[in-house]
Amino acid sequence: MPGFELFGAEEKKEVQDVLDNGVLMRYGFDPMRNGHHKALELEKDLASRMQTKYAQVVSSGTAALTVALSCAGIGAGDEVIMPTFTFVASFEAILSVGAIPILCDIDDTLTLDPEAVQKAISSKTKAIMPVHMCGSMADLKALKSICDTHNLILLEDACQAIGAIYDGKPLGSYGDLGCFSFDYVKTVTCGEGGGIITNSEKYAERAHQYQDHGHDHVGNDRGAETHPFLGYNYRISELNAAVGIAQLRKLDTIVAIQEKNYTFLKNALQSIPEVTYRRVPKTGVESYAFLNIFLPDENLARKAHKALGEHGVDACFYWFDNNWHYYKKWEHLLEQKSLGKLSQEIQMGLQKNNTSFDASDIWMGRTISCLIKVGWTEEQLKERATKMVNAIKSIL
Ligand SMILES: *Cc1c(COP(=O)(O)O)cnc(C)c1O
């Protein structure tokens with residue numbers, strides 16, 4: 001998955017443009033910038049690649065989610081439904097706008113289970129936030145239909161699946177708003193950065209203003225700009241955006257290499273009938289960032305994960321035990337450990353999450369995710385496939 005594997009002359013050239021004129025900020029200083037507007041250029045490229053009308057780049061994927069929620073008017077006391085398997089950024093963003101993250105079971109897609117979502121809806125629900133974990137996606141059609149029935153916002157977290165496709169569209173562009181992360185370990189990296197895509201002019205304008213303190217961006221005098229609403233600073237720097245321009249151009253190459261490496265490893269594993277695979281929705285095409293496999297039960301998955309490590313197969317994750325990605329280890333959320341005082345409304349709302357998520361536990365207990373790298377040589381790939389097969393066969 002990591003774009004940093006392909007960091008080279010193209011990224012350096014883009015960054016050099018910024019260093020040559022010294023304008024590190026995206027707004028103002030026009031006479032000095034030699035026509036370079038890196039953040040703006042990255043936004044144009046992102047919107048074009050994702051076939052959306054608008055894109056806004058910001059300082060991180062977490063910021064992208066936060067800005068997207070704010071654009072959609074989500075605030076105090078509103079509930080946002082999110083999966084038990086994701087990254088901590090999901091609930092951080094929801095809490096940061098004063099809303100309440102409501103955890104919800106996943107299914108064999110390793111993303112939100114539409115039936116569980118249906119049951120989690122209350123009179124306070126405002127949005128559904130599917131998270132397309134590890135290169136594949138939620139059943140967006142089913143989620144969209146739930147959103148349409150209940151008048152909810154569909155906000156896609158596509159941070160781990162840039163380059164995937166759903167229903168013929170670039171993943172992230174199906175819902176009302178889609179978010180990407182360009183942090184250092186993502187498929188496309190700016191070092192730190194994030195992006196929001198949408199076809200809504202209203203959301204796009206709000207995003208542009210909100211991420212820059214609510215400035216209206218009218219005219220050429222920053223000091224004379226008015227503030228239609230309260231905002232914040234989630235701006236990306238020109239240096240980070242410059243890296244992203246070169247990286248985004250490599251996206252299709254990265255996905256093609258990932259598909260080739262993923263397919264090679266999957267073909268090798270087909271010789272083991274006990275290994276099965278994550279379900280990809282009918283009209284979906286993965287980004288192939290990870291190969292996600294199921295073992296028949298939790299005990300075998302733990303053994304297989306251990307054996308993979310012992311056989312020298314790196315970058316295979318057993319998320320069930322992971323501190324960052326699975327709800328069981330989010331004691332700071334579940335026990336409400338906040339530095340400042342949480343509002344009563346949030347304290348009460350969060351208690352809804354102190355329940356069990358049995359379906360999630362079953363699927364995650366069985367899952368091992370293997371990162372797909374782009375830099376492997378043919379020889380390394382073959383060796384890896386052999387080691388993976390031997391490791392898993394050794395515990396069956
Ligand atoms: C990385 C990630 C984020 C947050 O992105 P940052 O740029 O690190 O803030 C959000 N959601 C998911 C699923 C991620 O993997």
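For ligands, and for the atoms within them, numbers begin at 1 and follow the listed sequence. Only this structure's heavy atoms are used, side chains among them; waters, hydrogens and symmetry mates stay out.
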- Task: Decide whether Y262 and N292 meet the rule of one side-chain donor and one side-chain acceptor closer than 3.5 Å.
- Result: no

Identify all N/O pairs between ligand 1 and the protein with a separation under 3.5 Å and present them as a table of atom names and distances.
unit_1: ligand 1; atom_1: 5 (O); unit_2: S181; atom_2: OG; d: 3.2
unit_1: ligand 1; atom_1: 7 (O); unit_2: G61; atom_2: N; d: 2.7
unit_1: ligand 1; atom_1: 7 (O); unit_2: S181; atom_2: OG; d: 2.7
unit_1: ligand 1; atom_1: 8 (O); unit_2: D183; atom_2: OD2; d: 2.6
unit_1: ligand 1; atom_1: 9 (O); unit_2: G61; atom_2: N; d: 3.4
unit_1: ligand 1; atom_1: 9 (O); unit_2: T62; atom_2: N; d: 2.9
unit_1: ligand 1; atom_1: 9 (O); unit_2: T62; atom_2: OG1; d: 2.5
unit_1: ligand 1; atom_1: 11 (N); unit_2: D157; atom_2: OD2; d: 2.8
unit_1: ligand 1; atom_1: 15 (O); unit_2: Q160; atom_2: NE2; d: 2.9
unit_1: ligand 1; atom_1: 15 (O); unit_2: K186; atom_2: NZ; d: 3.1

- Message: Assess, by modelled atom type and distance only, whether the side chains of N21 and H36 contain a donor and an acceptor separated by less than 3.5 Å.
- Response: no

- Please work out which of the three classes, parallel, tilted or perpendicular, describes the rings of H215 and H227, given edges at 30° and 60°. tilted

- Task: Indicate the ring-plane relationship of F91 and H332, choosing parallel, tilted or perpendicular according to the 30° and 60° boundaries.
- Result: perpendicular

- Residues that Y277 engages under ring-ring contact (aromatic ring centres under 6.0 Å, His included), provided they are two or more places apart: none

- Does the side chain of S122 pick up a donor-acceptor pair with the side chain of E79 at under 3.5 Å? yes

